[in-house]
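Protein chains get the first letters and strands the later ones, always in sequence-line order, with residue 1 at the start of each.
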Protein chains: 2
Amino acid sequence: MACRAKDPFKDLWALPGGFVGIEESLEECANRKLTEKTGAQNVYLEQLYSFGAINRDPRERVISVAYFSLVPFEKLTFEKQAATEKTQWYAIHQLPTLAFDHRQIIRAAHHRLVAKLEYSTVGLSLLPDAFTLSHVQDMYEIVSGKARDKRNFRKWLLGLNVIEETGGMQSDGAHRPAKLYRRKNPNETSLFR
Amino acid sequence: MACRAKDPFKDLWALPGGFVGIEESLEECANRKLTEKTGAQNVYLEQLYSFGAINRDPRERVISVAYFSLVPFEKLTFEKQAATEKTQWYAIHQLPTLAFDHRQIIRAAHHRLVAKLEYSTVGLSLLPDAFTLSHVQDMYEIVSGKARDKRNFRKWLLGLNVIEETGGMQSDGAHRPAKLYRRKNPNETSLFR
DNA sequence: GCAAAAGTGTTACGCGTACACCCATGG
DNA sequence: CCATGGGTGTACGCGTAACACTTTTGC
């Protein structure tokens, strides 16, 4: 989220965005904007939807082709911009009042992501290079808002044959260390079904 | 398909389309264009994808927000335009060479529709007000290119609870007449799962 | 009577779901 | 030793998939 410095919607938070250059594709533009704002590169990026209601920008007619990205937390370097532009992250269920129709856009993205968790493994793009099975389950539960059975979740996830053990372990705190896993093909979109 | 009278892609077939008016939403524009070309009204319409490659139109930069519609054959009155504009229908697997990136657009629409048949009942929008169970199965098999078991298909379809018998029968040819059905809520998008 | 499509049930298998206890570690 | 999260197997039920014969009609 970036805080708007000017009207309309001054001081409200808005999704990062911008105008498509004449010599870049929609996807290139989305990638460029993403990198400018967050530093993230080579991450999952998907076109979400195009929003074209007549008065969605009170100043003039604007049609927005929305994209969403799945970025591991580690790849974010948003501290850079913190000084110049006010940029901040919000949890999906603690959104402030947003500018334009950006709340609707976020709802659509969230909805899409929840659906995709069920039939694809793109969700793994949200995790770092090495992760524990509990990390994966936590991510699924947080995104979908739905608790899952640990044994069933692991059986399902391992059965997909898309992750493998790194051999490493992660110790954090007063409990048994967890095996670390990695994606077998980090660059595959890996749909299944 | 409309045949292009001018370059670029003169004499090739192209999807109907046009520019969004300043005072209409994307969906209104798609609906307007659809009605102009086919006469269809009040039909299922869904945004497909936005295509924005840099050189997809060799003349100038054009970004297209593609929509697709599901129209029962009976609602088409494309004879009207046949005189003025050359308009024609093609089967999905017998497409001629197309202008621009329109083949890619059709592939995307077909792919989306095949997927939707699995988890929604929008496909029924392609059928007339009254139809037989065999009509439904034929439509599913034609769209998805996949044969289905008659008993399983009927069990599944009737179990969805979205169609009901009209009471009428259809006799056509030297065989047992078939019961006619209709959608219970023709205007519901009726997702399930 | 014969060709052509309509209509109709049962069985088997696989997958998803429910469920509880021991293990390894840090403090 | 205790608190904390990691790790593991089985049984049941439901839904999907496989499968073949009778019925009604027009000619």
Side-chain angles (χ1 to χ4, degrees), chain A residues 114-121 123-124 127-182 190-193, chain B residues 114-121 123-124 127-182 190-193:
Chain A
V114 170
K116 289 223 158 190
L117 288 187
E118 300 293 326
Y119 66 90
S120 85
T121 54
L124 297 176
L127 298 174
D129 292 336
F131 48 82
T132 69
L133 297 182
S134 292
H135 287 155
V136 185
Q137 185 171 351
D138 287 347
M139 182 272 287
Y140 266 75
E141 293 185 345
I142 289 169
V143 172
S144 71
K146 194 175 83 186
R148 299 174 190 238
D149 177 84
K150 183 162 55 161
R151 279 169 295 189
N152 292 337
F153 183 79
R154 287 170 181 225
K155 199 191 317 175
W156 168 79
L157 178 56
L158 294 173
L160 295 176
N161 200 29
V162 294
I163 63 174
E164 61 191 0
E165 298 185 16
T166 66
M169 305 284 280
Q170 165 172 317
S171 305
D172 64 331
H175 54 84
R176 179 172 174 176
K179 284 182 187 170
L180 285 169
Y181 290 80
R182 63 173 157 248
S190 65
L191 288 172
F192 50 91
R193 257 196 202 167
Chain B
V114 169
K116 289 223 157 191
L117 289 186
E118 299 294 326
Y119 66 90
S120 84
T121 54
L124 296 176
L127 298 173
D129 292 336
F131 48 83
T132 68
L133 297 183
S134 292
H135 287 155
V136 186
Q137 184 171 353
D138 288 348
M139 182 270 289
Y140 266 75
E141 293 185 345
I142 289 168
V143 172
S144 71
K146 193 176 82 186
R148 300 176 190 238
D149 178 83
K150 182 160 57 160
R151 280 170 293 188
N152 291 338
F153 184 80
R154 288 172 180 225
K155 200 190 315 175
W156 168 78
L157 178 56
L158 294 172
L160 295 176
N161 200 31
V162 294
I163 64 173
E164 62 191 1
E165 297 185 15
T166 66
M169 304 284 280
Q170 165 171 319
S171 305
D172 64 332
H175 54 84
R176 180 170 173 176
K179 285 183 187 170
L180 285 169
Y181 289 81
R182 63 173 156 247
S190 65
L191 289 172
F192 50 91
R193 258 196 202 169

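When the P atom of D:dC19 is taken as reference, atom CZ of B:Arg148 falls 17 Å away, rounded to whole Å. Protein atom OH of B:Tyr181 is 10 Å distant from nucleotide atom C1' of C:dA6, rounded to whole Å. Between the C1' atom of D:dG6 and the CZ atom of A:Phe131 lies a distance of 16 Å, rounded to the nearest Å. One can place CD of A:Glu141 at 14 Å from P of D:dG5, the figure rounded to the nearest angstrom. One interatomic measurement links the two molecules: CE of A:Met169 to C1' of D:dG6, which rounds to 9 Å at whole-angstrom precision. In this entry the distance linking NZ of A:Lys146 with P of C:dA18 reads 10 Å, nearest Å. One atom, NE2 of B:His175, and another, C1' of C:dA5, lie 5 Å apart when rounded to the nearest Å. Whole-Å rounding puts the B:Arg151 CZ to C:dT11 C1' distance at 11 Å.
Here D:dG6 is the nucleotide among D:dG6, D:dT23, C:dA24 with the atom lying nearest to any side-chain atom of A:Ala178. Side-chain proximity of A:Asn152 to the nucleotides C:dG7, D:dG5, C:dC19 is greatest for C:dC19. If you check C:dA24, D:dG6, C:dT8 against the side chain of A:Ser134, the one that comes closest is D:dG6. Taking every side-chain heavy atom of A:Ala174 into account, C:dT25 is the closest of C:dA24, D:dT23, C:dT25.
With values rounded to the nearest 0.5 angstrom, B:Leu133 atom CG is found 8.5 Å from B:Glu165 atom CD. Here the OH-CG distance, from A:Tyr181 to A:Leu158, works out to 5.0 Å after rounding to the nearest 0.5 Å. Remark: B:Met169 CE to B:Leu180 CG distance equals 8.0 Å, nearest 0.5 Å. Here CD1 of B:Ile163 is found 5.0 Å from CZ of B:Phe131. Values are rounded to the nearest 0.5 Å.
For D:dG6, the base has a donor-acceptor partner in the side chain of A:Lys150 [N/O atoms by modelled type, under 3.5 angstrom]. Between the side chain of B:Lys155 and the base of C:dT8, no donor-acceptor pair of N or O atoms lies under 3.5 Å.
Checking the phosphate oxygens (OP1, OP2) of D:dT25, no side-chain nitrogen or oxygen of B:Ser171 falls inside 4.0 Å. The phosphate of D:dG7 (OP1 or OP2) has a side-chain N or O of A:Arg154 nearer than 4.0 angstrom.
Each of A:Arg154, A:Lys150, A:Lys155, A:Arg148 was scored for a side chain to side chain contact (heavy atoms under 4.5 Å, CB included) with A:Asn152, with one residue passing: A:Lys155.
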